[in-house]
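To keep things clear, I will list the structure first and then write my remarks on it.
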Amino acid sequence: MRCAICKKKPIIYMPHHRLALCKEDFQRWFERYTEKTIKEFGMFTHEDRILVTVSGGKDSLALWFVLRKLGYKADGFYLHLRIGDYSERSKAKVESFARRMGARLIVKDLEEELAGVPTLKELTYREACSVCGLVKRYNFNKVAKELGYTVVATGHNLDDEASSLLANVMNWNTKYLGRKFPVLEEEEGFVKKVKPFCKFTEKETALYALLNGIDFIEEECPFAEDATSIFYKEILNRVEERSPGTKLRFYLEYLKKVYPRFKEEKKGALTPCKICGEPSPTEICAVCRLKEKVTKAFQGGM
Ligand code: SF4
Ligand code: ZN
């Protein structure tokens, strides 16, 4: 097999694109494909101020890197979740990456305004990922609005998107299916949210990060072991091995044929939370209720 462009030895073969590429051509292809996805879904323009939410992992750091390389105004946002050493190490990776890039990084410490994820998990008896997802969505939106960003970009890749799609199809969670799109437009107190890497596999983003010397955290969050998403990723990988191209087709055909049928289902009446002003289906939003719980717990010595 040879690189489809220069005929040199390839570094990767992507069966879903029937494409083998060498080191240099893969990087160029990756950047062009990112730009193409941004345009295809109308994600943002060079006028937008983009807040990239970074975790220290390969996807989010590669996204921040490539957006800046493509000339977009992209700053980073790190939410310190206080998940022990894992959070400390990932924060250090993000900070050193920002220094190397000379890019603006905003850091917010969850413990300062609420409590770290392990404490929230204990207090709510919820799965760590469920409470973590809630505080992340809330903070990404709130911080972006407060600081005047027009778009929030996350590093979700094809494996993330296809596995969560499969999990939700299994439960016919139609409300979720109505939100599963690479662009969620600005509305009712929500900043526009985009996923420019939604068509890249994990392997592709990891290779791009490695080839560009991006020092990312390789260890998984300790709570990831419980995450059902890993189980669904494994299932999809087995299907992909048997029938290459299925993962991308499953996701793209969903976007084309299924999403339009469900997109109206996502709508539920939202009002600004009476305490913080963030959009909420109830008078007081879930995060403000969580805050009340934390305050009570600490007043009572937990
Ligand atoms: Fe949060 Fe779960 Fe991801 Fe850990 S694995 S960062 S707890 S969502
Ligand atoms: Zn609130």
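Both counts, for ligands and for their atoms, begin at 1 and track the order of listing. Below, each value reflects all heavy atoms present in this structure, side chains not excepted, and no hydrogens, waters or symmetry copies.
Residue Cys221: no N/O/S atom is found under 2.8 Å from atom 2 (Fe) of ligand 1. Atom 1 (Fe) of ligand 1 lies under 2.8 Å from an N, O or S atom belonging to Cys132.
With salt bridges taken as basic N to acidic carboxylate O contacts below 4.0 Å, none links Lys36 and Glu31. Between Glu35 and Lys39, at least one side-chain nitrogen of the basic residue sits less than 4.0 Å from a carboxylate oxygen of the acidic one, meeting the salt-bridge criterion.
Ring centroid separation for the pair Phe41 and Phe181 comes in under the 6.0 Å cut-off. For Phe30 and Tyr33, the ring centers sit 6.0 Å or farther from each other.
Of all atoms in ligand 1, listed by their number and element, those nearer than 4.0 Å to a heavy atom of Phe223 are 7 (S). Atoms of ligand 1 found under 4.0 Å from any heavy atom of Cys129, numbered from 1 in the order shown, are 2 (Fe), 5 (S), 7 (S), 8 (S).
At the shortest separation from atom 3 (Fe) of ligand 1 among protein heavy atoms lies Lys136 NZ, 3.9 Å.
Note: His80 and Tyr78 have tilted aromatic rings, judged against thresholds of 30 and 60 degrees for the angle between ring planes.
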